[in-house]
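Presented below is the structure to which this report refers.
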Number of protein chains: 2
Amino acid sequence: MLSQKTRYTIRALQHLADHWRQGPVRLDAVAEAQNIPRKFLTVILSELVREGLVISHRGRDGGYELALPPVDVRYGDIIRLTRGSLALVPCASRNAHEHCANCLPEAECRLRGLMLTLRDEMAAMLDRMTLADAITVEPPFADEMAGESAPLG
Amino acid sequence: MLSQKTRYTIRALQHLADHWRQGPVRLDAVAEAQNIPRKFLTVILSELVREGLVISHRGRDGGYELALPPVDVRYGDIIRLTRGSLALVPCASRNAHEHCANCLPEAECRLRGLMLTLRDEMAAMLDRMTLADAITVEPPFADEMAGESAPLG
DNA sequence: ACGCTTGTCTACTAAACAGGTAGAGTTAAA
DNA sequence: TTTAACTCTACCTGTTTAGTAGACAAGCGT
């Protein structure tokens with residue numbers, strides 16, 4: 001799962017992307033529009049500023065704006081930034097590789113093999129999408145529970 | 001990230017799959033071969049027994065074995081079982097859907113749209129692979145850091 | 001029936017992390 | 001020089017993770 005903080009981060013960035021080239025957006029505006037606790041959002045945005053993804057303007061009429069055009073901010077980058085890695089296990093990360101604790105030698109670990117493949121598929125998709133993409137949300141739910149019935153129930 | 005427990009679970013099941021139809025495998029054998037703390041493994045295996053994925057045999061010459069052929073145990077099922085869902089956000093789960101806290105209405109949430117698509121890609125891959133598949137681990141690392149250079153560095 | 005080996009179950013705990021909050025300080029436009 | 005912003009360090013509280021302890025139950029072989 002993505003942490004709540006990562007989700008807030010993504011939604012905040014989406015909001016800034018929506019207001020690209022419209023001048024700084026105030027923190028409260030983001031907090032209200034995106035339903036993010038105000039105080040927590042200060043922490044999140046400050047980090048994004050430190051990381052260079054967002055620019056802040058202090059003083060009156062200040063606020064935040066993206067540091068680069070939405071089309072240049074890929075979702076993969078955002079998740080790498082906030083989570084450290086796209087991978088589902090430390091040893092399957094391509095940019096922040098770490099040995100897993102209590103594991104087999106990496107060359108023998110099938111879980112690692114699987115997770116490397118999975119990571120690459122996820123990366124391919126997340127690096128294709130940027131903050132500039134309009135994402136259409138699918139219609140309701142219901143008829144989508146199919147395909148889940150399996151040997152296990 | 002998958003929790004350590006989920007990783008242990010998968011490796012334990014792989015071990016049982018490797019010894020399919022060779023009689024019960026003792027807990028200690030699994031613990032040693034897979035480098036899993038013995039006491040913790042009892043918890044993990046007991047849960048798998050309760051969930052019907054593994055059968056246990058008590059008494060002398062007892063141990064554990066898979067309840068069904070390895071080819072019928074998909075990785076997707078294992079992760080659904082231990083994590084509850086494949087999705088990266090609660091609202092993007094197909095079999096354990098939940099509203100996210102402090103979010104937008106689901107129909108408007110672009111993060112949800114993105115995560116639904118991602119979930120489906122992950123599911124497609126994880127439901128294609130089973131415990132019967134030999135997974136080849138890729139060669140070393142090194143030349144694989146390419147493709148990471150981006151607007152962000 | 002006995003004893004050994006092996007799994008089962010409930011409870012507990014230490015440490016880390018998640019998700020926030022408080023509040024004093026700094027900037028810059030009007 | 002006021003005031004509406006952002007910034008920074010510190011703190012807090014609840015939950016989850018990763019285990020451990022220890023008494024108990026069940027088969028197998030003799």
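Proteins get letters first, then strands, A, B, ... in listed order; numbering begins at 1 in each. None of these values were measured; they are calculated from a predicted model.
Judged by distance alone, the side chains of A:Asn102 and B:Tyr8 do bring a donor and an acceptor atom under 3.5 Å apart. Looking at B:Thr6 and B:Ser3, their side chains do bring a donor and an acceptor atom within 3.5 Å of each other.
As rounded to whole Å, 13 Å separates atom C1' of C:dT5 from atom OH of B:Tyr64. Taking atom CG of residue B:Leu41 and atom P of nucleotide C:dT8, one finds them 11 Å apart after rounding to whole Å. Atom CD in A:Glu65 sits about 12 Å away from atom P in D:dC6, given to the nearest Å. Rounded to whole Å, atom C1' of D:dT16 lies 16 Å from atom CG of B:Leu2. Distance A:Leu48 CG to D:dT7 C1': 14 Å, rounded to the nearest Å. A:Glu47 has its CD atom 13 Å from the P atom of C:dG19, to the nearest Å. Between the P atom of C:dC17 and the CE atom of B:Met1 lies a distance of 12 Å, rounded to the nearest Å. Atom NZ in B:Lys5 sits roughly 15 Å away from atom C1' in D:dT15 (whole-Å rounding).
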- Item | Worked check of side chain to side chain donor-acceptor pair (under 3.5 Å) between B:His99 and B:Glu106 | CA-CA 8 Å; B:His99 287 279; B:Glu106 290 193 355; 2.8 Å; yes
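Between B:Ser56 and C:dT8 there is a side-chain polar atom (N or O) within less than 4.0 angstrom of OP1 or OP2. Note on A:Arg50: every side-chain N or O is 4.0 Å or more away from OP1 and OP2 of D:dT7.
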- Task: Would you mind building the protein contact string for nucleotides 19-30 of chain D? One character per nucleotide, 5' to 3', B for base within reach (heavy atoms under 4.0 Å), S for sugar-phosphate only, - for untouched.
- Result: BBBB--BBBS--
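Residues A:Thr82 and A:Lys5 have side chains not in contact (no heavy-atom distance under 4.5 Å, counting atoms from C-beta outward). With a 4.5 Å cut-off on side-chain heavy atoms, A:Arg80 and A:Asp127 count as touching. Using a 4.5 Å heavy-atom threshold, the side chains of A:Tyr64 and A:Val30 count as separate. Side-chain contact between A:Leu53 and A:Leu68 is present, with heavy atoms from C-beta onward closer than 4.5 Å.
For the atom pair CG of B:Asp133 and OG1 of B:Thr130, the computed distance is 4.0 Å after rounding to the nearest 0.5 Å. Interatomic distance, CG of B:Leu48 versus OG of B:Ser56, reported as 11.0 Å (0.5 Å rounding).
Residues of residues 14-28 of chain B that place a heavy atom closer than 4.0 Å to DNA chain C, in numerical order, are B:Arg26, B:Leu27.
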